[in-house]
Novice: 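What follows is a structure written as structure tokens; I'll ask about it next.
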Amino acid sequence: MLRFLLFCLFINFSCLQAQEVALSELEAGTFKNAVSTSAKQSKTIVNTFTQIKHIDFLSNDIESSGDLYFKSPNIIKWSYTKPYEYSVIFKNKKLFINDAGKKSDINLASNKVFKKLNDLIAKSVSGDMLDDTQFSMNFFKYNNQYLAKLSPKDQTLKNMFKQIVLSFESKKYLVSSVKLIEPSGDYTLIKFQNTSVNKPIPDAIFAH
């Protein structure tokens, strides 16, 4: 009986530890300033990522992984290596696609949706998207991380995402994960690992 009671106390304590705690207005302001400073100082970011696509009607999530290269202000390459080789590069207002050697491109300037998506991805990678003119925002502390929950105000983004959740490392204020929740409830979760900041990236990485 005693063991059972101790077990219940442990579970309750663990649940309390894992709860999200809303930041005060002062704490949120301090956090936003720290993220903005970190984003401005991050001229390049390189990391590995794991991407999980959850679709309600599928019994298993779809998982993929690869490498991410970001060069300020808005050049990004997503290089998928598993389970297939595929890469997309956002550069010079174009989206360049390499599907296992089959190359194509899309002009972002003439495609409002892709342009919004490009801006969203660039800012979510660097963390520089805590803009209250674009999003309704709520901030939380969760274990050793900060969470920013953003609800788009822009109708184009609203049509794509109900909410965007960014997780930040509490010490360096770098984005550690991005969760893009669609209006249907399906979501894409991208977790970043092995992050390097401000290391030179050869131009050849962004060649198409």
Novice: Test side chain to side chain donor-acceptor pair (under 3.5 Å) on Ser136 and Ser151; report intermediate values, then the result.
Specialist: CA-CA 5 Å; Ser136 298; Ser151 299; 5.7 Å; no
Novice: Counting C-beta onward and ignoring hydrogens, is there a side-chain heavy-atom pair between Gln163 and Asn138 closer than 4.5 Å?
Specialist: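 Gln163 vs Asn138: side chains apart.
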Novice: Leu189, Ile55: one ILVMFWY side-chain cluster at the under-4.5 Å cut-off?
Specialist: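 Looking at the clustering, Ile55 is in a separate group from Leu189.
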Novice: Quick one: closest heavy-atom pair of Val197 and Ser42, and the distance?
Specialist: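 Between these two residues, the closest heavy atoms are CG1-OG, 3.7 Å.
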Novice: If only atom types and distance count, is the side chain of Thr37 paired as donor or acceptor with the main-chain N or O of Asn33 below 3.5 Å?
Specialist: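 Indeed, once roles are kept as given, a pair shorter than 3.5 Å links the two residues.
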Novice: Is the CD atom of Gln155 crowded by more than 12 outside heavy atoms at less than 6.0 Å?
Specialist: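 Result for CD/Gln155: enclosed.
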Novice: Checking Ser79 side chain against Gly66 main chain: does a donor-acceptor pair fall under 3.5 Å?
Specialist: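 No; zero donor-acceptor contacts below 3.5 Å.
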Novice: Is it possible for you to say whether Ile205 and Val88 belong to one hydrophobic cluster, with membership spreading through side-chain heavy-atom contacts below 4.5 Å?
Specialist: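 No.
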Novice: Testing the basics here: between Ile89 and Ala207, what is the closest heavy-atom pair and its distance to 0.1 Å?
Specialist: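 Where Ile89 meets Ala207 most closely, the heavy atoms are CD1-O, 3.7 Å.
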Novice: Would you call the rings of Tyr146 and Tyr173 parallel, tilted or perpendicular, taking 30° and 60° as the class edges?
Specialist: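 Rings of Tyr146 and Tyr173: parallel, under 30°.
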Novice: Hey, what do you get for CD (Gln51) to OG (Ser64), rounding to the nearest 0.5 Å?
Specialist: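 Here the rounded value is 4.0 Å.
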Novice: Find the distance between CD1 (Ile62) and NE2 (His54) and round it off to the nearest 0.5 Å.
Specialist: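 Spacing of CD1 (Ile62) from NE2 (His54) equals 10.5 Å.
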Novice: For Phe31 and Lys141: C-alpha separation, side-chain torsions, deciding distance, then whether side chain to side chain contact (heavy atoms under 4.5 Å, CB included) applies.
Specialist: CA-CA 10 Å; Phe31 166 70; Lys141 189 80 181 285; over 6 Å; no
Novice: Can a donor-acceptor pair be found, under 3.5 Å and without considering hydrogens, that links the side chain of Asp154 to the backbone of Gln134?
Specialist: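 Absent.
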Novice: Who passes ring pair (Phe, Tyr, Trp, His ring centres under 6.0 Å) against Tyr69, sequence neighbours left out?
Specialist: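 Ring pair (Phe, Tyr, Trp, His ring centres under 6.0 Å) check on Tyr69 returns nothing, list empty.
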Novice: Is it true that atom NZ of Lys153 has more than 12 heavy atoms of other residues, nucleotides or ligands lying nearer than 6.0 Å?
Specialist: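 Buried by this count: over 12 neighbours within 6.0 Å.
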Novice: If I compare all heavy atoms of Pro183 with all of Asn159, which pair ends up nearest, and what's the gap?
Specialist: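 The pair with the smallest heavy-atom distance is CG-O, 3.7 Å.
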Novice: Counting only heavy atoms not in Lys94, do more than 12 fall under 6.0 Å of its NZ?
Specialist: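 Count not over threshold, so no.
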Novice: Looking only at heavy atoms, what is the nearest atom pair of Asn98 and Lys103, with distance?
Specialist: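 Distance-wise, the nearest heavy atoms are ND2-CE, 3.5 Å.
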Novice: Membership question, hydrophobic clusters at under 4.5 Å side-chain separation (ILVMFWY): are Tyr80 and Ile190 in the same one?
Specialist: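 Yes; tracing contacts between hydrophobic side chains, which count when under 4.5 Å, links both residues.
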Novice: Let me see the working for Lys199 and Val46 under side chain to side chain contact (heavy atoms under 4.5 Å, CB included), right down to the final yes or no.
Specialist: CA-CA 8 Å; Lys199 290 189 175 180; Val46 179; 5.7 Å; no
Novice: With rounding to the nearest 0.5 angstrom, report the CG to OG distance, Asn144 to Ser170.
Specialist: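 Asn144 atom CG to Ser170 atom OG measures 5.0 Å (nearest 0.5 Å).
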Novice: Check the pair Val35, Phe139 against side chain to side chain contact (heavy atoms under 4.5 Å, CB included), reporting the backbone distance first and the verdict last.
Specialist: CA-CA 12 Å; Val35 169; Phe139 303 99; over 6 Å; no
Novice: Who passes side-chain hydrogen bond (donor to acceptor under 3.5 Å, both in side chains) against Glu27, sequence neighbours left out?
Specialist: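 With neighbours one apart ignored, the set is Ser24.
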Novice: Does Leu174 reach the side chain of Phe192, with side-chain heavy atoms less than 4.5 Å apart?
Specialist: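 No, every pair of side-chain atoms sits at 4.5 Å or beyond.
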Novice: With respect to Lys149, which candidate in Leu166, Ile164, Val165 satisfies the side chain to side chain contact (heavy atoms under 4.5 Å, CB included) definition?
Specialist: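 With Lys149 as partner, Leu166, Ile164, Val165 yield a single side chain to side chain contact (heavy atoms under 4.5 Å, CB included), made by Val165.
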Novice: Could you measure the distance from the NZ atom of Lys162 to the CG atom of Leu180? Nearest 0.5 Å is fine.
Specialist: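 The CG atom of Leu180 is 13.0 Å from NZ of Lys162, to the nearest 0.5 Å.
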Novice: Determine the minimum heavy-atom distance between Ile45 and Ile201, stating which atoms define it.
Specialist: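 So the minimum-distance heavy-atom pair works out to O-CD1, 4.2 Å.
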Novice: How many angstroms lie between CG in Leu95 and CD1 in Ile76, if you round to the nearest 0.5 Å?
Specialist: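 Leu95 CG to Ile76 CD1: 10.5 Å, rounded to 0.5 Å.
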Novice: How long is the straight-line distance from CZ of Phe90 back to CZ of Phe206, given to the nearest 0.5 Å?
Specialist: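 Reported to 0.5 Å precision, the distance equals 12.5 Å.
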Novice: Do Lys91 and Phe96 form a cation-pi contact, if we require the NZ or CZ to be under 6.0 Å from the six-membered ring centre and within 45 degrees of the ring's axis?
Specialist: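 Yes, Lys91 and Phe96 form such a contact.
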Novice: If you compare all heavy atoms of Asp56 against all heavy atoms of Asp186, which two are closest, and at what distance to 0.1 Å?
Specialist: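 Taking every non-hydrogen atom into account, N-OD1, 2.9 Å.
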Novice: So if you build clusters from Ile, Leu, Val, Met, Phe, Trp, Tyr with side-chain heavy-atom gaps below 4.5 Å, do Met160 and Ile106 land together?
Specialist: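 Both belong to a single hydrophobic cluster.
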Novice: Would Phe161 and Tyr187 count as a close aromatic pair, with their ring centres under 6.0 Å?
Specialist: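 Aromatic pair excluded; centres sit 6.0 Å or further apart.
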Novice: Could you tell me how the ring of Tyr84 sits relative to the ring of Tyr86: parallel (under 30°), tilted (30 to 60°) or perpendicular (over 60°)?
Specialist: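 Tyr84 vs Tyr86 ring planes: perpendicular.
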